[in-house]
Amino acid sequence: MASNNRQVIDFKASTGITTMQSNEHQRRWSDKGWKAAAHSGNYDRTRAGLNFEVAKGGKVQPIDTSKSIGRKIRETLRARGIVDPNVELEAKGQKPNRRTVVNFIFGGSREQMHRLAFGDQVVDLERGADNSHIQRRPEIEGWAQDIYKFVCNKWGEENIAGFYVHLDEMNPHIHCTLLPITAQNKFSFKELFAGRDVREFRERTLRLHDELAVVNEKWGLVRGQDRNETGTRHRTSEQYRSELRAACDSLELEIAGKHSTLQELYADIRKAEKRVKGLTTMIRNLENRQSELEERLGSLIADLEAGRGDSVTLNRQIAELTEKLRSVKSSLED
């Protein structure tokens with residue numbers, strides 16, 4: 001087993017999962033979505049059919065896109081009688097701040113991951129290449145099932161909201177969406193991951209790498225060394241190149257996780273632009289309405305002062321227009 005075949009595990013907590021992230025994990029894209037993804041990232045649509053998910057009971061199957069990850073989360077919480085604390089905060093007009101989702105990426109050094117996924121088949125990683133002839137190897141399925149079992153044993157199968165294996169990018173990897181729910185059916189990232197302080201969080205994370213290495217050893221992936229334990233050491237050129245390749249592979253997997261976040265930000269910008277446009281139109285309409293009411297009100301006041309018409313009727317109309325004008329001005333202030 002080559003010593004540079006390192007395992008990769010990365011996780012990040014968030015207040016939920018967006019539609020953009022869910023679509024990226026499930027490859028729930030239209031033709032337009034695929035073109036946009038291929039333009040901004042290293043996605044190979046000719047290998048998209050090799051992707052799969054591990055479902056309940058460790059079953060390997062094609063990715064089910066009938067439900068988004070967000071919908072699956074809502075349904076499982078409802079079935080278990082668990083309230084999403086962020087939903088409660090939003091209902092109170094407060095900003096969601098509870099870490100209710102943990103996004104994992106599992107993978108390893110590219111050479112070994114390609115060996116597990118494709119065997120001795122050579123994948124052309126050039127953008128736009130045709131890899132439709134590539135077939136998925138059973139080893140990658142076995143590895144994914146073992147990682148799935150590892151997650152189930154550690155945090156509970158009922159807390160897995162999505163477990164997708166991507167073979168259509170530069171480096172095969174797993175996206176696992178986990179709900180940090182305790183045995184008492186309560187959300188608690190702190191209890192399951194963070195611990196009391198930074199020191200305990202670091203100790204738990206190091207232990208997590210150790211535990212995962214036991215699973216990955218079977219698949220030719222080993223744990224990287226902790227820099228605090230190894231310290232600075234001399235490396236040969238070959239060692240340096242091997243470690244650099246491993247670092248690049250780790251960064252590629254991290255970028256895969258960040259890409260969906262970037263897409264989410266672009267979507268937020270587009271939504272904000274639409275809202276600004278809508279608000280601008282609303283303000284213009286209110287300003288026109290204000291001018292119209294002020295003109296009519298001025299006309300009625302002039303009639304009243306000149307003694308034209310019934311004073312009771314004019315006073316009633318003036319009062320009604322004054323109230324409408326007050327409401328319009330209040331809306332403009334808002």
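The residues of the chain are indexed from 1 along the displayed sequence.
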My understanding is that only residues two or more places apart in sequence, or in another chain, count here; which of them pass side chain to side chain donor-acceptor pair (under 3.5 Å) with [X]?
X	result
Arg47	Asp44
Thr76	none
Arg296	none
Gln135	none

About how many Å separate [atom2] of [Y] and [atom1] of [X], when rounded to the nearest 0.5 Å?
X	Y	atom1	atom2	answer
Lys277	Leu279	NZ	CG	13.0 Å
Arg137	Asp120	CZ	CG	7.5 Å
Glu139	Leu116	CD	CG	7.0 Å
Ile301	Thr322	CD1	OG1	6.5 Å
Phe189	Leu178	CZ	CG	10.0 Å
Glu141	Leu167	CD	CG	9.0 Å

Going by the rule side-chain contact (heavy atoms from CB on, under 4.5 Å), which residues pair with Gln94 if we only count those two or more places apart in sequence or in a different chain? Leu89, Lys92
With sequence neighbours excluded, what pairs up with Ser30 under the side-chain contact (heavy atoms from CB on, under 4.5 Å) test? Lys32
Using the side chain to side chain donor-acceptor pair (under 3.5 Å) rule, collect all pairs that involve residues 146-158, keeping only residues at least two apart or in two chains.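 Listed once each, the pairs are Asp146-Lys218, Asp146-Trp219, Tyr148-Glu157, Lys154-Glu211.
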Taking all non-hydrogen atoms of both residues into account, name the closest pair between [X] and [Y] and its distance.
X	Y	answer
Asn171	Ser109	ND2-C, 4.2 Å
Pro180	Phe193	CB-CE1, 4.3 Å
Ser14	Gly16	OG-O, 2.8 Å
Ala144	Ile174	CA-CD1, 4.0 Å
Leu221	Arg6	CD2-O, 3.6 Å
Arg136	Gly49	NH1-O, 4.4 Å

After noting the C-alpha distance and the side-chain angles of Thr46 and His133, does the key distance pass the side-chain contact (heavy atoms from CB on, under 4.5 Å) rule? CA-CA 9 Å; Thr46 66; His133 61 285; over 6 Å; no
Who pairs with Phe118 by ring pair (Phe, Tyr, Trp, His ring centres under 6.0 Å), at least two apart in sequence or on another chain?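 Counting only residues at least two positions away or on another chain, Phe118 forms a ring pair (Phe, Tyr, Trp, His ring centres under 6.0 Å) with His114.
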Could you work out, with ring pair (Phe, Tyr, Trp, His ring centres under 6.0 Å) as the rule, every residue matching Phe201, not counting sequence neighbours? none
Whether [X] side chain and [Y] backbone form a donor-acceptor pair below 3.5 Å:
X	Y	answer
Glu53	Asp64	yes
Ser327	Glu323	no
Glu200	Arg196	yes
Lys72	Ala161	yes
Thr280	Val276	yes

Could you go through Arg199 and Glu203, starting from their C-alpha distance and side-chain angles, then the distance that decides it, and tell me whether this counts as salt bridge (charged side-chain N to carboxylate O under 4.0 Å, His left out)? CA-CA 6 Å; Arg199 181 177 180 179; Glu203 290 174 350; 3.6 Å; yes
Distance-only polar pair, side chains of Gln290 and Glu294, donor-acceptor under 3.5 Å: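 Glu294 and Gln290 do have a side-chain donor-acceptor pair below 3.5 Å.
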Donor-acceptor side-chain pairing of Asn131 and Asp124 below 3.5 angstrom: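 Judged by distance alone, the side chains do not pair up.
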Cluster companions of Leu77 among Ile, Leu, Val, Met, Phe, Trp, Tyr (side-chain spacing under 4.5 Å): Ile17, Ile63, Ile69, Ile73, Ile82, Val101, Tyr164, Leu179, Ile181, Phe187
Could you tell me whether [X] and [Y] have a side-chain N and a carboxylate O separated by less than 4.0 Å?
X	Y	value
Arg289	Glu292	yes
Arg45	Asp31	yes
Glu111	Arg115	yes

Walk me through whether Phe163 and Ile147 qualify under side-chain contact (heavy atoms from CB on, under 4.5 Å). CA-CA 10 Å; Phe163 198 95; Ile147 300 298; 3.9 Å; yes
Just wondering, do [Y] and [X] contact through their side chains at under 4.5 Å, heavy atoms?
X	Y	value
Arg207	Arg204	yes
Thr205	Phe11	yes
Asn5	Val222	no
Asn23	Ser68	no

Quick one: which of Glu217, Gln7, Arg223 gives a side-chain contact (heavy atoms from CB on, under 4.5 Å) with Leu212?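 Only match with Leu212 under side-chain contact (heavy atoms from CB on, under 4.5 Å): Gln7.
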Run Phe52 and Gln61 through side-chain contact (heavy atoms from CB on, under 4.5 Å) and show every step you take. CA-CA 6 Å; Phe52 63 96; Gln61 64 182 38; over 6 Å; no
Side-chain donor-acceptor pairs under 3.5 Å in residues 312-321, sequence neighbours left out?
unit_1	atom_1	unit_2	atom_2	d
Thr313	OG1	Asp310	OD2	2.9
Asn315	ND2	Ser311	O	3.0

Can you list every pair that meets salt bridge (charged side-chain N to carboxylate O under 4.0 Å, His left out) and has a residue in residues 75-88, with sequence neighbours left out?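 Qualifying pairs, neighbours excluded: Lys67-Glu75, Arg71-Glu75.
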Cluster question for you: counting only ILVMFWY and a side-chain heavy-atom cut-off of under 4.5 Å, with indirect links fine, are Val87 and Val102 together? no
Residue pair Leu50, Ile134: steps toward the side-chain contact (heavy atoms from CB on, under 4.5 Å) verdict: CA-CA 8 Å; Leu50 304 179; Ile134 299 295; 3.9 Å; yes
Around Lys186, counting heavy atoms of other residues, nucleotides and ligands shown, do more than 12 lie under 6.0 Å from its NZ?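 Not buried by this count: 12 neighbours or fewer within 6.0 Å.
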Does the plane of the ring in His25 sit parallel, tilted or perpendicular to the ring in His175? Use 30° and 60° as the thresholds.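 Answer is parallel, since the angle falls under 30°.
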Should the pair His166 and His173 be assigned to parallel (<30°), tilted (30 to 60°) or perpendicular (>60°) ring geometry?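 Answer is perpendicular, since the angle exceeds 60°.
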If you apply the rule salt bridge (charged side-chain N to carboxylate O under 4.0 Å, His left out), what do you find for Glu90 with Arg98, and how did you get there? CA-CA 11 Å; Glu90 286 182 321; Arg98 294 292 301 279; over 6 Å; no
